[in-house]
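I have placed the structure first, in the form of structure tokens, so that the comments after it can refer back to it.
For reference, positions follow the sequence shown, starting with 1.
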Amino acid sequence: MVTIAQRIEALRMQKALSRPALAVALGLPRMSIEKFETGRQTPTQEQQVKLAQYFGVSLAYLRGEADDPAGADSWLSGNVADEPAPRPVPKAAPRPAAQVVQSSGGGGDGAVFSALLKSKSFQDMVRSTVLEVLRSPEGQQLLAKAVRKELGK
């Protein structure tokens, strides 16, 4: 599994930036990037959002939870979390969950859930659980909230 420390270092190296230069670009203390990359300190949620926005990647990718920088293999999180989006995503037609799972890729450099997401039994279990939750009163409230949000755009 790729750690957030490894991901930050790799992204910084791709941009050919020094640690102090990245800290200045993000408005962080000079030694903060070194601490993040060595694992001596974990960035706060706000700092993670800044890093993800700066590098143009999803929070899940930055944290090492996904292999896809755009966040396509974090299909399960969707809009449920109240976490700020790291960057705007172009609107696309919604796809059924099964298609998203099948196209979520993988890759092998360490996403924890890549193999699990591809498992047919896991997909079936998630599908039945989601449908059960959506049929509940709480699920109906979530659906109504999502519809209101979409209609308000």
Side-chain angles (χ1 to χ4, degrees), residues 1-127 129-130 133 142-143 145-147 149-153:
M1 181 168 128
V2 176
T3 67
I4 191 169
Q6 293 168 324
R7 195 71 86 188
I8 292 170
E9 183 177 22
L11 290 166
R12 179 182 60 80
M13 298 298 280
Q14 286 175 3
K15 288 218 178 226
L17 289 171
S18 67
R19 289 173 174 169
L22 179 57
V24 168
L26 297 173
L28 299 173
R30 190 174 65 82
M31 296 299 293
S32 61
I33 301 301
E34 179 182 347
K35 290 178 182 178
F36 298 160
E37 289 183 3
T38 58
R40 290 185 293 161
Q41 182 178 346
T42 301
T44 65
Q45 178 69 20
E46 183 180 311
Q47 291 167 335
Q48 290 177 29
V49 169
K50 279 184 180 181
L51 285 160
Q53 287 175 338
Y54 183 81
F55 290 118
V57 298
S58 69
L59 283 171
Y61 180 79
L62 179 71
R63 294 175 184 147
E65 299 167 352
D67 288 332
D68 182 6
D73 50 356
S74 61
W75 61 272
L76 191 55
S77 62
N79 290 328
V80 177
D82 290 327
E83 176 174 283
R87 62 189 172 105
V89 178
K91 286 196 173 194
R95 298 187 302 172
Q99 288 179 353
V100 175
V101 169
Q102 290 168 358
S103 68
S104 67
D109 86 305
V112 176
F113 299 111
S114 291
L116 185 61
L117 292 175
K118 293 177 184 176
S119 161
K120 176 77 170 126
S121 60
F122 178 77
Q123 292 173 17
D124 291 341
M125 186 267 310
V126 169
R127 185 176 295 110
T129 303
V130 168
V133 169
L142 282 173
L143 284 172
K145 181 179 175 182
V147 168
K149 183 177 176 181
E150 286 298 313
L151 291 176
K153 288 184 177 181

Could you measure the distance from the CZ atom of Arg7 to the CD atom of Gln48? Nearest 0.5 Å is fine. 13.0 Å
Shortest non-hydrogen contact from Leu62 toward Ala52: CD2-N, 4.0 Å
Within the structure provided, determine whether Leu59 and Gln45 are in side-chain contact (heavy-atom separation under 4.5 Å). yes
Set of residues satisfying side-chain hydrogen bond (donor to acceptor under 3.5 Å, both in side chains) with respect to Thr44, sequence neighbours excluded: Gln47
Would you name the heavy atoms of Glu37 and Ala5 that are closest together and state the gap between them? O-CB, 3.5 Å
State the OG-CE distance between Ser18 and Met13, to the nearest 0.5 angstrom. 10.5 Å
Any side-chain heavy-atom pair from Tyr54 and Leu11 closer than 4.5 angstrom? no
Kindly write out the residues that satisfy salt bridge (charged side-chain N to carboxylate O under 4.0 Å, His left out) with Glu9, not counting sequence neighbours, or none if the list is empty. none
Taking every non-hydrogen atom, the tightest pair across Met125 and Thr129: O-OG1, 2.8 Å
Taking all heavy atoms of Leu28 and all of Phe36, pick out the closest pair and write down the distance. CD1-CE1, 4.0 Å
Counting N and O atoms only, with roles assigned by atom type, does the side chain of Arg12 sit under 3.5 Å from a partner on the main chain of Leu17, one being a donor and the other an acceptor? yes
Backbone of Thr3 reached by a side-chain donor or acceptor of Gln6 within 3.5 Å: yes
dist Ile8:CD1 -> Glu34:CD (nearest 0.5 Å) comes out at 13.0 Å
Distance-minimising heavy-atom pair for Pro29 and Ser32: O-OG, 2.7 Å
Please list, chain by chain and in numerical order, all residues satisfying salt bridge (charged side-chain N to carboxylate O under 4.0 Å, His left out) with Arg30, sequence neighbours excluded. none
What are the two closest non-hydrogen atoms of Phe55 and Lys15, and how far apart are they? CD2-CE, 3.9 Å
